[in-house]
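Encoded as structure tokens, the structure appears first; notes follow it.
For reference, positions follow the sequence shown, starting with 1. Just follow the structure's listing: the first ligand is 1, and inside any ligand the first atom is 1.
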Amino acid sequence: MAVTSHLLPTYARVDLAFERGEGVWLMTASGDRYLDFTSGVAVNALGHAHAHMVKAITEQAQKLWHVSNLYRIPEGERLADRLCAATFADTVFFQNSGAEAIECAIKMARKYQSASGKPERYRIVTFEGAFHGRTLAALAATGNKKYLDGFGPPMPGFDQVPFNDLDAVKKAVGPETSAILIEPVMGEGGVRVVPHNFLRALRKLCDDNGLLLIFDEIQTGVGRTGDLFAYQHTGVTPDIMTIAKALGGGFPVGACLATAEASKGMTAGTHGSTFGGNQLAMAAGNAVMDVVLADGFLDKVKHNSLLLKQKLAELKDRHASVIAEVRGEGLLIGLRLVPPASELVDELRAEKMITVGAGDNVVRLLPPLIIDEDEIAEAVARIDRACTRLGQTHARAAKEKVAP
Ligand SMILES: *Cc1c(COP(=O)(O)O)cnc(C)c1O
């Protein structure tokens with residue numbers, strides 16, 4: 001990769017830059033058009049340059065950007081009202097990223113126990129394959145050794161157990177446990193849908209032991225799974241929920257939602273953010289909600305996601321040597337591959353379609369939620385061609401291996 005710059009090289013960037021976007025399309029300066037099946041990693045829910053978003057942000061930019069949380073911010077009060085009306089939550093704290101929302105959730109769970117007379121309860125049970133962000137606390141919750149390596153002792157207070165193993169969770173819960181933290185669909189971990197009966201069992205375990213259940217819906221939230229939030233069709237309600245990515249449609253906004261009970265320890269002075277919830281960010285969040293909450297929007301996401309999944313299932317049958325499994329919910333879709341997932345990401349980029357890898361040898365398909373049927377057909381044609389080439393390459397390699 002011949003990219004030289006003064007940017008800290010923590011990303012192995014692809015040598016590709018976009019200049020403009022329009023709906024599900026991204027354009028380079030030289031006029032190449034790419035089909036965006038990454039959405040800035042589940043961020044651009046309304047695609048690029050969505051007219052309503054542009055108008056909302058432009059109008060707000062001409063009025064007021066930021067004043068600080070020392071004063072009332074009516075736009076944020078409105079967004080919090082709308083999020084609470086649409087969910088289990090009674091209260092919202094706004095930030096600028098997912099990891100910050102996780103920090104808030106961790107602090108809130110600890111403070112809840114402390115305010116309930118159990119200050120010894122500070123530990124949180126988390127799951128292998130999870131991803132909760134890159135701050136030191138979020139990393140400790142994530143527990144990925146590769147991400148933690150070299151950064152000193154991980155922040156204490158997290159007990160990581162295998163995914164979907166209730167006995168392991170029960171064993172991990174002790175007198176110091178405050179909460180259980182889980183993504184209802186593990187995004188970075190490979191688009192693994194957590195079985196609903198496992199979530200129900202976690203809910204019961206929390207209720208029986210005075211623990212808080214925290215759902216990380218940073219990737220799944222705001223329509224990605226076809227429901228406004230993934231928990232809404234699991235039959236399980238958390239006490240705290242973190243959201244971010246799609247909430248600002250590309251403007252950095254994160255939020256920690258909670259019940260009044262779970263948040264009872266978070267009184268004046270216990271938490272803060274300089275930028276969190278400023279006017280410009282809240283204008284972006286409200287504009288996203290205007291569109292996503294509009295009649296029929298999520299029904300269309302569900303309809304289109306079923307259509308896409310059906311076509312992907314056909315591709316899997318025809319390219320069994322390439323695609324091992326199609327999984328996910330709504331427009332958070334994972335293709336588990338037979339060859340290395342990165343090979344399909346590369347082949348798709350050659351088809352001018354961008355996707356993103358995930359754990360468990362998965363390619364994630366994350367189109368903007370506004371994608372239509374023609375664009376889905378176009379995407380499927382590109383995936384089909386990429387799989388054909390990949391299948392041929394591997395068949396040839398296998399033959400050469402057998403040949404003397
Ligand atoms: C992206 C993500 C995060 C981290 O969000 P940042 O905005 O990058 O800090 C946390 N949890 C989940 C589930 C995510 O997908």
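For T87, there are no side chain to side chain donor-acceptor pair (under 3.5 Å) partners at least two apart in sequence or on another chain.
Sorted by chain and number, the heavy-atom contacts of ligand 1 below 4.0 Å come from S97, G98, A99, F131, H132, G133, E183, D216, I218, Q219, K245.
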Applying side chain to side chain contact (heavy atoms under 4.5 Å, CB included), run through L298 and V292 and close with a yes or a no.
-> CA-CA 7 Å; L298 289 173; V292 173; 4.0 Å; yes

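Note: F215 and F229 fail the aromatic proximity criterion, with ring centroids not under 6.0 Å apart.
Here R382 pairs with E378 in a salt bridge; the nearest charged N to carboxylate O distance falls below 4.0 Å.
Pairs of residues two or more places apart, or lying in two chains, that qualify as side-chain hydrogen bond (donor to acceptor under 3.5 Å, both in side chains) and include a residue from residues 134-160 are E103-T135, R123-D159. Sorted by first and then second residue, the salt bridge (charged side-chain N to carboxylate O under 4.0 Å, His left out) pairs with a member in residues 327-348 read E325-R327, E325-R336, R327-D360, D346-R349, E347-R389; sequence neighbours excluded.
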